[in-house]
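On a predicted model such as this, the values are computed, not experimentally measured, just so you know.
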Amino acid sequence: EGGGRSCGGAEWGGGEAGVPGPGRTGGRAWAARNGADATVPNRPAADVPEGKDGSGKVGVHERGSKRDFAFTPREHDAIGPAIGLDFEAGVAIAGARFTLVRGPAARLQRALGQFMLDTLTRRHGFEEVAPPLLVKDDAVFGTGQLPKFAEDLFRTTDGRWLIPTAEVSLTNIVRETILPAGELPLRFAALTPCFRSEAGAAGRDTRGYIRQHQFDKVEMVSIVPEDASEAEHERMTACAEGILDALELPYRRMLLCAGDMGFTARRTYDLEVWLPGQNTYREISSCSTCGDFQARRMNARYRAQGEKATRFVHTLNGSGLAVGRTLVAVLENYQQADGSVTVPAVLRPYLDGLDTLVPRG
């Protein structure tokens, strides 16, 4: 999810207006940010396949059954306007890659976010968090967006950053702390708007609701001891898969190659949902283990019982799920020939029992 070029073309540097210098952040931290090490990505795990781009990803498994349509399925941008995806109004109000969501589509989107958050907190033990949407330089440095990816973010005139994902706020909960090992794991989940300029996405997904500057997402973050991160990665990915299973949406799990992973990741699984209107799979969740890479940038540690020495925590993050893209998947997989959309059974309690979204007119 995302799109376009960042506000103000922000760059990371000590002389930029609004960016704190050494006197406000501490000389050692400031020196580390401006050093060459700050732009070196994480080292891939040993089992990550080699490759330069998305063509190098490897399939792990597929789940769910693709629906056999008795008619030619349409894409979401053809179904959506009659349900409440108002692309024209979004552009008129805010510009390209913004959509006004209203009526039945707005209700469905709200239901999806609530269902995802309820699933993660009630069934999987995540703690619900309502985090800040505006964060300081330290926070986006800690999770790896700065200094290298400033152009992908939106920045306010007073030097704060709009979060590109709640990962930033949630991971920084443990910034500059030493946690007792007995408090781990920590598992956080949040449903927030996210804001991305997507500077490298010009010309991609210009139609519809796939890639927006502003979008809702449920984010998972886990903070674990170093010997638990491998198992936690599998657990987190399975939590995201469980939501797709409950919605009865076909999907596949892909292991990304080294050249296609994010800056902070040691290993990443992408979950790709089937979109029959597009006749293709599209990413709907990305779950990554970062090892101690972010913890070193945040100085986040833990101490085992009876030990004096501390160790860096391991951090993980994943989408559970991208709400807008899940809305797209529901529209395309649950569409009917008359333009209506059947509501997935698990969402009906969130919609007062409503089972069908009826198009206007």
Side-chain angles (χ1 to χ4, degrees), residues 1-2 45 48 54 57-65 109 111-129 143 164-171 185-192 194 210 215-224 228-256 260-262 264-275 281-290 314-330 332-333 344 346-347 350:
E1 307 239 21
V48 171
K57 62 188 175 185
V58 176
V60 178
H61 57 236
E62 294 187 14
R63 297 285 188 268
S65 300
Q109 179 164 281
L112 282 165
Q114 288 180 316
F115 168 68
M116 294 170 187
L117 200 55
D118 285 348
T119 299
L120 294 176
T121 56
R122 296 175 183 177
R123 296 188 180 182
H124 301 301
F126 286 82
E127 179 184 352
E128 183 172 349
V129 179
T143 46
T165 162
E167 170 201 346
V168 177
S169 301
L170 297 180
T171 308
L186 296 173
R187 297 185 176 111
F188 304 120
L191 167 60
T192 68
C194 304
I210 290 286
F215 57 94
D216 288 348
K217 182 158 66 79
V218 174
E219 185 72 7
M220 303 175 284
V221 163
S222 294
I223 312 294
V224 301
S229 59
E230 296 300 306
E232 187 70 14
H233 192 205
E234 296 298 325
R235 182 188 190 277
M236 176 179 284
T237 308
C239 289
E241 289 180 333
I243 294 170
L244 290 166
D245 289 333
L247 291 168
E248 300 183 77
L249 294 171
Y251 66 92
R252 65 186 185 184
R253 184 196 291 199
M254 308 297 290
L255 174 62
L256 297 193
D260 198 32
M261 291 197 305
T264 63
R266 292 193 72 240
R267 183 193 305 105
T268 298
Y269 291 126
D270 270 5
L271 302 183
E272 299 179 346
V273 69
W274 175 249
L275 298 182
Y281 285 96
R282 297 297 299 262
E283 178 199 338
I284 198 167
S285 172
S286 188
C287 297
S288 299
T289 177
C290 301
H314 281 205
T315 63
L316 303 93
N317 62 80
S319 311
L321 308 160
V323 179
R325 291 194 179 190
T326 309
L327 175 65
V328 167
V330 169
E332 293 203 10
N333 282 277
V346 293
L347 297 182
Y350 294 88

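A 4.5 Å side-chain heavy-atom check between E127 and L186 finds every atom pair outside the cut-off. Contact check for L347 versus L247: side-chain heavy atoms found under the 4.5 Å cut-off. Within the 4.5 Å cutoff, no side-chain heavy atoms of D260 are placed close to those of T268. With a 4.5 Å cut-off on side-chain heavy atoms, L271 and T237 count as touching. The side-chain heavy atoms of E283 and M254, taken from C-beta on, include no pair separated by under 4.5 Å. Counting heavy atoms from C-beta on, the side chains of P250 and R63 never come closer than 4.5 Å.
Listed by first and then second residue, the salt bridge (charged side-chain N to carboxylate O under 4.0 Å, His left out) pairs that reach into residues 235-247 are E241-R253, sequence neighbours excluded.
Judged as a side-chain hydrogen bond (donor to acceptor under 3.5 Å, both in side chains), and not counting sequence neighbours, T289 has no contacts. Residues that satisfy the salt bridge (charged side-chain N to carboxylate O under 4.0 Å, His left out) test with E230, not counting sequence neighbours, are R266, R267. With sequence neighbours left out, E167 forms a salt bridge (charged side-chain N to carboxylate O under 4.0 Å, His left out) with no residue at all. For N333, there are no side-chain hydrogen bond (donor to acceptor under 3.5 Å, both in side chains) partners at least two apart in sequence or on another chain. With sequence neighbours excluded, the residues forming a side-chain contact (heavy atoms from CB on, under 4.5 Å) with A190 are P131, A166, L170, T192, listed by chain and number. Applying the side-chain hydrogen bond (donor to acceptor under 3.5 Å, both in side chains) rule to T315 yields the partners Q294; only residues at least two apart in sequence or on another chain are considered. In this structure H233 satisfies the ring-ring contact (aromatic ring centres under 6.0 Å, His included) test together with Y269, sequence neighbours excluded. With sequence neighbours excluded, the residues satisfying side-chain hydrogen bond (donor to acceptor under 3.5 Å, both in side chains) with S229 are H314. Applying the salt bridge (charged side-chain N to carboxylate O under 4.0 Å, His left out) criterion to E272, with sequence neighbours excluded, gives K57, R252. Take Y350 and apply the ring-ring contact (aromatic ring centres under 6.0 Å, His included) test, not counting sequence neighbours, and it matches no residue. Contacts of D118 classified as salt bridge (charged side-chain N to carboxylate O under 4.0 Å, His left out), with partners at least two apart in sequence or in another chain: R122.
Counted within 6.0 Å of CD on Q114, heavy atoms from surrounding residues, nucleotides or ligands total more than 12; the atom is thus considered enclosed.
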Practice item. Go through the steps to decide whether F126 and C239 satisfy the test side-chain contact (heavy atoms from CB on, under 4.5 Å), and finish with yes or no. Key: CA-CA 10 Å; F126 286 82; C239 289; 4.0 Å; yes
Review point. Which is it for V328 and R282 under the side-chain contact (heavy atoms from CB on, under 4.5 Å) test, yes or no, and what are the steps along the way?
Key: CA-CA 10 Å; V328 167; R282 297 297 299 262; over 6 Å; no
**Study point:** From CA spacing to verdict: side-chain contact (heavy atoms from CB on, under 4.5 Å), V221, I223
**Key:** CA-CA 7 Å; V221 163; I223 312 294; 3.9 Å; yes
Review point. Taking it one step at a time, do F115 and V346 satisfy side-chain contact (heavy atoms from CB on, under 4.5 Å)?
Key: CA-CA 8 Å; F115 168 68; V346 293; 3.9 Å; yes
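Separating the OG1 atom in T326 from the CG atom in L321 is a distance of 4.5 Å, to the nearest 0.5 Å. Rounding to the nearest 0.5 angstrom, the gap separating the CD atom in E219 from the CZ atom in F188 is 13.0 Å. In this structure, Y251 OH and I243 CD1 are separated by 10.5 Å, a value rounded to the nearest 0.5 Å.
For the pair C287 and M220, the tightest heavy-atom approach, listed with the atom from each and the gap, is SG-CE, 4.3 Å. For the pair L120 and G320, the tightest heavy-atom approach, listed with the atom from each and the gap, is CD1-O, 3.8 Å. Here the shortest heavy-atom pairing between S319 and K217 reads OG-CD, 3.6 Å. Of all heavy-atom pairs between I284 and V273, the closest is CD1-CG1, 3.9 Å. Taking every heavy atom of both residues into account, R187 and S222 meet most closely at CG-OG, 3.8 Å. A pairwise comparison of heavy atoms in P164 and V168 identifies CD-CG2, 3.9 Å as the closest pair.
Using a 3.5 Å distance cut-off with no hydrogens or angles, the side chains of T121 and E128 do not pair a donor with an acceptor. No side-chain donor-acceptor contact under 3.5 Å links N317 and S288.
R325 contributes a side-chain N or O that, together with a main-chain N or O of I210, makes up a donor-acceptor pair within less than 3.5 Å.
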